[in-house]
Enquirer: 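First, the structure itself, so that you have it in front of you.
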Amino acid sequence: MAHHDFEPRLAIPGRGAVEPPELAGTLSVRERDLADAERDFGDHVHRRPLAVAFPATAVDVAALVRFGRKHGIPVVARGAGHSVDGQALVDAGIVIDMSSLGGVRPFGPDRISVDAGARWRAVVDATLRTGTVPPVLPDYLELSVGGLLSTGGFGGASHRYGSQADNVHDLDVVTPDGELVTCSPTGNAALFDAVRGTQGRHGIITRATVALTRAPSKVRRHRLTYHDLSAYLGDQRRLVDELRFDHVDGQAQFADGRWRFVLEAVSAQSPQIDDLRYESAEIIEATYREFVDRILPIEAQLRSTGSWYHPHPRANVLLPGAHAEKVLGDALAGLTPDMLGTGGSVLLYLFPTARVTAPRVPTARDPYTVLFGVQRTAPPGDLTALRRMREANAALHATARRLGGASYAYPLAATDARAA
């Protein structure tokens, strides 16, 4: 029997009440669940759903999509709630909270089966016990598996292995018609290609078989600092071309009235760096576990200062390598501290575009794709500052697309998880 909280029938605006679908899980209209589901980490787009579903199985997800399609109710899947532009929010619809599907199943030496609502931290917790790890991990491990595969997913190992979406063997997907389908490169390949990187537009991922590779026990983190953007980009491109390090990423930081660039190159070995053009270097030895948890102290600091709970109007774009230096130089020249916000940061790293083989994952039309992420934090209650940040984000997205780049993890024109 279905479980419903306080509401035996679902009230549809303009259409009256209808019987909800039979679920093994829960369909909730409790105020606290609706309030939580009407906002995301970005907290500058709010949409009020009719109900929130907590599925017990993928069959529940399929039933909810069929129900929505029958009654003209939009249905969206929500992973860990870390989207920043309302991608997993819906007005007068049903939000499927995938966190109730968080299982991590027994696995072999080169793969693991994971429910879509599981966090990447749970995956790493399981795999590191056997000395393995997914080839590409997000910086922040509290993202959900299904959510990240639905956007593509890039990380510091993308110069070797492509996106997270390139490193899955098969998927279980609920199609927009409400059919539960297993797909892979050899079975239902068109669906397998369609759902990776398209933000639920062609179905809701409910389970994934994720590839694994060997994990080192210890690593050396090389943090190389530059003030010359051209030298920074040139060295980063050289390192990814030569596959000199296992992990390469970077940030732009505003300090002492100017921008500096920090290139982080990580390896279990000790590759040469003397031929690079950095101005200073810091080398830190760490366990691999400490390395993958490197965001934890940053998160703790942001929570303690309160900025973690403020609006986050962020912009992540993928720039073509040929135009990256000019676009970055212009953008950073106008990016004042108040337009970044307290606790804000800038991500800046590149990878060979050909490494991304999933056909629908966004990349730039260039041999190199440069990820430029402006992670803004808006002052709470300051609508003028929020508007200015959103306008700047929109301009950056427009510039990236005009030059042959792409928006990353940005709301699409249509959402497939909608059952309209």
Side-chain angles (χ1 to χ4, degrees), residues 40-42 77-85 87-88 98-99 102 104 112 114-128 132-168 171 196-200 205 208 210-213 215 219 221 245-251 264 266 288-300 302 308 312 314-318 345-351 355-356 358 361-363 369-375 407-410:
D40 57 15
F41 183 68
R78 171 189 174 100
H82 281 282
S83 59
V84 295
D85 287 298
Q87 295 94 323
M98 300 295 288
S99 63
V104 177
I112 183 170
V114 186
D115 286 339
R119 311 293 176 93
W120 286 98
R121 181 172 303 285
V123 178
V124 170
D125 286 345
T127 62
L128 282 184
T132 58
V133 70
V136 181
L137 286 172
D139 293 337
Y140 186 56
L141 296 181
E142 292 302 324
L143 304 179
S144 72
V145 170
L148 205 61
L149 296 179
S150 294
T151 59
F154 298 110
S158 289
H159 70 290
R160 284 181 174 268
Y161 299 108
S163 69
Q164 277 95 349
D166 293 306
N167 291 279
V168 291
L171 301 168
R196 292 177 295 156
T198 53
Q199 302 183 53
I205 296 172
V210 178
L212 299 176
T213 189
V219 296
R221 299 176 61 183
F245 287 86
D246 300 321
H247 175 109
V248 179
D249 69 16
Q251 307 89 37
E264 179 150 14
V266 182
Y288 185 74
R289 182 76 218 206
E290 289 170 338
F291 167 64
V292 298
D293 281 338
R294 64 194 179 279
I295 300 300
L296 285 179
I298 298 174
E299 178 185 351
L302 295 177
W308 183 266
H312 300 100
R314 298 179 166 183
N316 294 292
V317 298
L318 303 169
S345 62
V346 177
L347 305 179
L348 182 55
Y349 61 91
L350 61 82
F351 53 86
R355 296 291 186 194
V356 179
V361 171
T363 57
T369 292
V370 178
L371 189 150
F372 180 37
V374 184
Q375 315 299 306
S407 295
Y408 177 64
Y410 191 66

Enquirer: Shortest non-hydrogen contact from G152 to S163?
Expert: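 Heavy atoms of G152 and S163 come nearest at O-CB, 3.5 Å.
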Enquirer: To the nearest 0.5 Å, what is the distance between OG (S83) and CG (L143)?
Expert: 10.5 Å
Enquirer: Which word best sums up how the rings of F41 and H82 line up, parallel for under 30°, tilted for 30 to 60°, or perpendicular for over 60°?
Expert: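 F41 and H82: tilted rings.
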Enquirer: Could you tell me whether a side-chain N or O of R196 sits under 3.5 Å from a main-chain N or O of A358, the two making a donor and an acceptor?
Expert: no
Enquirer: Tell me the closest heavy-atom pair linking V168 and A165, and the distance in Å.
Expert: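 Of all heavy-atom pairs spanning V168 and A165, the closest is CG2-O, 3.5 Å.
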Enquirer: Applying side chain to side chain contact (heavy atoms under 4.5 Å, CB included) to L347 and D249, what does each step give before you reach the verdict?
Expert: CA-CA 8 Å; L347 305 179; D249 69 16; over 6 Å; no
Enquirer: Side chains of Y140 and E299: any donor to acceptor distance under 3.5 Å?
Expert: yes
Enquirer: Measure the CZ-OG1 distance between R355 and T369 for me, rounded to the nearest 0.5 Å.
Expert: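 One gets 12.5 Å once the value is rounded to the nearest 0.5 Å.
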Enquirer: Is it the case that the side chain of N316 and the backbone of A409 share a donor-acceptor pair, with hydrogens and angles ignored and the cut-off at 3.5 Å?
Expert: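 Absent.
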Enquirer: Side-chain contact test, heavy atoms from C-beta onward, threshold under 4.5 Å: evaluate it for V145 versus V123 and give yes or no.
Expert: yes
Enquirer: Measuring from L141:CG to R294:CZ, what's the distance to the nearest 0.5 Å?
Expert: 8.0 Å
Enquirer: On the 0 to 90° scale, with breaks at 30° and 60°, tag the F154-Y408 ring pair as parallel, tilted or perpendicular.
Expert: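 Correct class here is tilted.
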Enquirer: Are the side chain of Q199 and the backbone of Y410 linked by a donor-acceptor contact shorter than 3.5 Å?
Expert: yes
Enquirer: Specify the closest pair of heavy atoms between T151 and P362, including all atoms of both residues, with the distance to one decimal.
Expert: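 Of all heavy-atom pairs spanning T151 and P362, the closest is O-CD, 4.0 Å.
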Enquirer: In terms of ring plane angle, is the pair H312 and W308 parallel, tilted or perpendicular, where the classes change at 30° and 60°?
Expert: perpendicular
Enquirer: Grab the two heavy atoms, one from P135 and one from A211, that are nearest each other, plus how far apart they are.
Expert: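 Minimum heavy-atom contact is CD-O, 3.2 Å.
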Enquirer: Would you indicate whether the side-chain heavy atoms of R289 and V124 approach each other to under 4.5 Å?
Expert: yes
Enquirer: Kindly compute the distance separating OH (Y288) from NE2 (H247), expressed to the nearest 0.5 Å.
Expert: 9.0 Å
Enquirer: Is there a side-chain contact between T213 and V133 (heavy atoms, below 4.5 Å)?
Expert: yes
Enquirer: Between CZ of R160 and CG of N167, what distance do you get to the nearest 0.5 Å?
Expert: 13.0 Å
Enquirer: Counting only N and O atoms by type, is there a donor-acceptor contact under 3.5 Å from the side chain of T127 to the main-chain atoms of T132?
Expert: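 At least one qualifying donor-acceptor pair exists.
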Enquirer: So how far is it from M98 CE to S150 OG, rounded to the nearest 0.5 Å?
Expert: 8.5 Å
Enquirer: Closest approach of G197 and V361, non-hydrogen atoms and distance?
Expert: CA-CG2, 4.0 Å
Enquirer: Is the side chain of D40 donor-acceptor paired with the backbone N or O of G42 at a distance under 3.5 Å, no angle test?
Expert: yes
Enquirer: Heavy atoms only: give me the nearest I205-G146 pair and the separation to one decimal.
Expert: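 Nearest heavy atoms, I205 then G146: CD1-O, 4.3 Å.
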Enquirer: Do R121 and D293 have side chains that approach each other closer than 4.5 Å (heavy atoms only, starting at C-beta)?
Expert: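 Yes; the side chains approach each other to less than 4.5 Å.
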